[in-house]
Amino acid sequence: MQEAPKKTDSGIEVKKVYTSLDVPSISNSEATKANAMIQEALPGQFPYTRGVQADMYRGKLWTMRQYAGFSTAEESNKRYHFLLAQGVMGLSVAFDLPTQIGYDADHDLAEGEVGKVGVSICSIEDMEILFKDIPLDKISTSMTINSTGFILLAFYVALAKKQGIPLEKLSGTIQNDILKEYAARGTYIYPPKPSMRIITDIFEWSSEHIPKWNSISISGYHIREAGSTAVQEVAFTLSNGKAYVKAALEKGLDINVFGKRLSFFFNAHNNLFEEVAKFRAARTLWANMMKELGATDEKAMMLRFHTQTGGATLTAQQPMNNISRVTIQTIAAVLGGTQSLHTNGYDEALGLPTQDAASVALRTQQIVAFESGITDTADPLAGSYYVESLTHDIAQKATELIEQIDAMGGSVAAIESGFMQNKIAESAYAYQKNIESQQKIIVGVNQFQSKESQDMPVFKVDESIRLQQIEKLKIVKTKRDAQKVSTCLATIKLAAQEGTNLMPPVIDAVENYCTLGEISDVLRNVFGEYQA
């Protein structure tokens with residue numbers, strides 16, 4: 001009986017063995033040519049297949065982040081101080097759903113969601129509590145926020161100003177990637193065109209005022225979580241990136257300036273070699289893409305990225321097995337050359353991570369960094385016939401998809417037509433079918449099951465959080481100057497209508513205690529709301 005062909009999760013056929021013949025441009029009889037090709041593409045050199053720094057982790061380790069945020073600003077602040085004490089190098093903030101889609105805690109649609117999947121932030125007062133006793137000029141902060149990203153950035157900037165911190169010292173990232181929300185995640189507010197305008201406003205303002213801040217994190221993570229393959233994750237993410245670059249160029253921005261502050265956010269799954277090849281292929285494609293779009297500064301062509309281990313890969317069955325999965329994914333991200341990393345807690349298929357699970361997740365990164373030897377040399381898998389061949393295959397297949405999207409008119413058109421959503425849905429369906437037919441083995445789920453006790457502690461957020469937030473909002477609204485609030489909101493409306501940059505009036509508004517919901521509502525009235 002003939003053996004069924006082995007394939008990666010993207011459907012790329014895997015041979016029994018790889019030789020130099022499988023590596024593009026390498027002839028088996030030309031070993032010297034093979035060596036020359038490998039040496040030509042050194043780490044830190046265009047097209048950055050082997051990494052964006054010449055010495056990679058020998059010079060500086062990736063930033064170890066732990067994604068955290070829940071309940072109130074007070075509770076999240078306690079978790080941040082715990083993580084910093086454990087050795088975290090940067091904070092990564094999770095916001096609750098009302099904050100993500102522009103509703104204050106007292107809005108009817110916020111009921112049942114306040115503080116559940118992230119921290120509730122309604123005003124600058126919440127932001128002050130969230131970062132209490134945390135030096136904003138010394139800690140890098142990443143914020144996973146999109147539709148209301150400009151408001152959260154305004155809160156952060158206003159807080160820094162209040163603390164007397166020069167804005168040029170602020171470092172971090174705001175996700176600010178609305179296209180993947182339409183394609184895969186759903187936390188959008190405004191239609192695509194005004195949403196893209198807000199993003200280019202952020203690019204423009206950030207380039208001038210907060211030069212060390214990454215003004216967008218173009219995200220493949222949620223595309224993968226929705227069920228895409230690794231190839232689709234690369235193709236759709238880079239296509240979205242191209243759309244943002246083109247929008248910024250149309251606004252007259254300099255690609256060599258804003259291009260340096262673009263960052264990416266990828267997922268890490270369990271197929272170790274496919275994931276490593278995915279990261280290497282993405283860097284190569286982006287470098288060439290930016291060059292074609294007119295970038296000449298090498299830093300504007302570098303794909304720098306944050307990685308998070310795969311939430312969708314975690315299982316509620318035998319949850320301690322997730323420590324092994326997260327370890328494999330951590331190794332994939334590091335071998336692939338990530339610039340920062342968040343590792344998921346083993347209990348996250350059950351709920352928000354407990355403090356113990358978050359600690360184990362961080363220790364996983366630290367063990368890989370300091371005990372494994374992986375960091376001793378840059379791109380240690382370079383020259384592997386399999387990895388080089390797989391890098392080429394992923395790049396080629398992703399390019400085919402990107403060209404299809406380009407032919408449609410770009411990412412916005414591809415999303416509006418449902419192309420991306422349908423491709424992701426098809427992949428998710430095929431993957432689930434493979435699990436159900438046991439073509440894909442998930443340990444503890446469709447093989448190697450066992451009877452389990454239900455004594456795993458689960459982190460839960462108390463329903464009273466919403467009442468606490470509503471009470472805080474009432475106090476904020478009582479203390480503030482109502483006339484100033486009205487003036488600030490009117491100024492935002494005028495800027496939205498006239499097409500001037502929204503960041504200055506929004507920063508002024510949050511400094512005068514306008515709330516996230518109030519600012520979002522002003523723009524809802526001008527731009528409307530997107531209906532899928």
Side-chain angles (χ1 to χ4, degrees), residues 67 69-73 76 92-124 126-127 130 142-156 174-199 201-202 216-219 221-223 225-226 240 265 311 352 412 415-416 421 461 463 465-466 469-470 472-473 476 489 492-493 496 502-503 506 509-510 514-532:
Y67 186 48
F70 55 87
S71 184
T72 60
S76 291
S92 191
V93 184
F95 298 96
D96 70 0
L97 282 174
T99 304
Q100 291 180 48
I101 53 177
Y103 295 123
D104 290 331
D106 59 359
H107 195 284
D108 289 346
L109 292 177
E111 187 172 352
E113 293 294 344
V114 175
K116 287 293 178 69
V117 298
V119 62
S120 173
I121 300 292
C122 303
S123 74
I124 190 173
D126 287 327
M127 207 70 162
L130 186 67
S142 174
M143 294 190 279
T144 302
I145 195 77
N146 298 282
S147 299
T148 55
F150 65 107
I151 304 174
L152 270 299
L153 180 58
F155 282 144
Y156 198 81
I174 192 163
Q175 191 164 102
N176 196 28
D177 174 9
I178 200 62
L179 291 178
K180 67 94 175 48
E181 296 295 326
Y182 302 120
R185 192 161 173 265
T187 64
Y188 44 73
I189 304 175
Y190 316 113
K193 193 172 180 181
S195 291
M196 293 291 279
R197 172 260 172 104
I198 292 171
I199 287 168
D201 279 359
I202 294 169
I216 193 168
S217 177
I218 304 157
S219 176
Y221 184 85
H222 304 95
I223 289 169
E225 288 291 286
N240 289 348
F265 175 25
L352 292 171
V412 175
I415 289 165
E416 288 177 338
Q421 298 93 311
V461 175
E463 293 290 343
I465 294 305
R466 184 176 185 233
Q469 280 296 92
I470 290 172
K472 281 162 66 180
L473 259 177
V476 166
L489 295 176
I492 291 171
K493 182 177 181 180
L502 283 165
M503 285 304 296
V506 171
V510 302
C514 293
T515 70
L516 174 133
E518 289 168 337
I519 295 167
S520 298
D521 283 346
V522 167
L523 297 181
R524 278 187 177 93
N525 291 332
V526 177
F527 298 145
E529 291 189 71
Y530 179 69
Q531 301 297 323

Exercise. Among all residues two or more places apart in sequence or in another chain, which pass the salt bridge (charged side-chain N to carboxylate O under 4.0 Å, His left out) test with R466?
Worked result: none
Seminar exercise, completed: Residues at least two apart in sequence or cross-chain that pass side chain to side chain donor-acceptor pair (under 3.5 Å) with E225, listed by chain then number, are N267
Problem set entry | K472: salt bridge (charged side-chain N to carboxylate O under 4.0 Å, His left out) partners, not counting sequence neighbours | E74, D126
For this session: State which residues pass salt bridge (charged side-chain N to carboxylate O under 4.0 Å, His left out) with D106; sequence neighbours excluded, sorted by chain then number.
Result: K477
For this session: Would you confirm whether T148, through its side chain, and T99, through its main-chain N or O, come within 3.5 Å as a donor-acceptor pair?
Result: yes
Seminar exercise, completed: Taking every heavy atom of I174 against every heavy atom of F150, the minimum-distance pair comes out as CD1-N, 4.5 Å
For this session: Go through the structure and list residues passing side chain to side chain donor-acceptor pair (under 3.5 Å) with N240, not counting sequence neighbours.
Result: S411
For this session: Would you please say whether a donor-acceptor pair under 3.5 Å links the side chains of D177 and S219?
Result: no
Problem set entry | For E518, salt bridge (charged side-chain N to carboxylate O under 4.0 Å, His left out) partners two or more places apart | R480
Problem set entry | Under 3.5 Å donor-acceptor, R197 side chain and A496 backbone | yes
For this session: Determine whether I145 and N176 make a side-chain contact, defined as any pair of heavy atoms from C-beta on separated by less than 4.5 Å.
Result: no
Problem set entry | Distance-only side-chain donor-acceptor flag, Y182 / S195, under 3.5 Å | yes
For this session: Say whether, by atom type as modelled, one donor and one acceptor occur between the side chain of S123 and the main chain of T515 under 3.5 angstrom.
Result: no
Problem set entry | Donor-acceptor pair between Q175 and S217 side chains, under 3.5 angstrom | no
For this session: Over all heavy atoms of both residues, which pair between Y67 and V93 is shortest? Give the atoms and the distance, please.
Result: CE1-O, 3.5 Å
Exercise. Quick one: does D104's side chain have a donor or acceptor within less than 3.5 Å of a partner on G517's backbone?
Worked result: yes
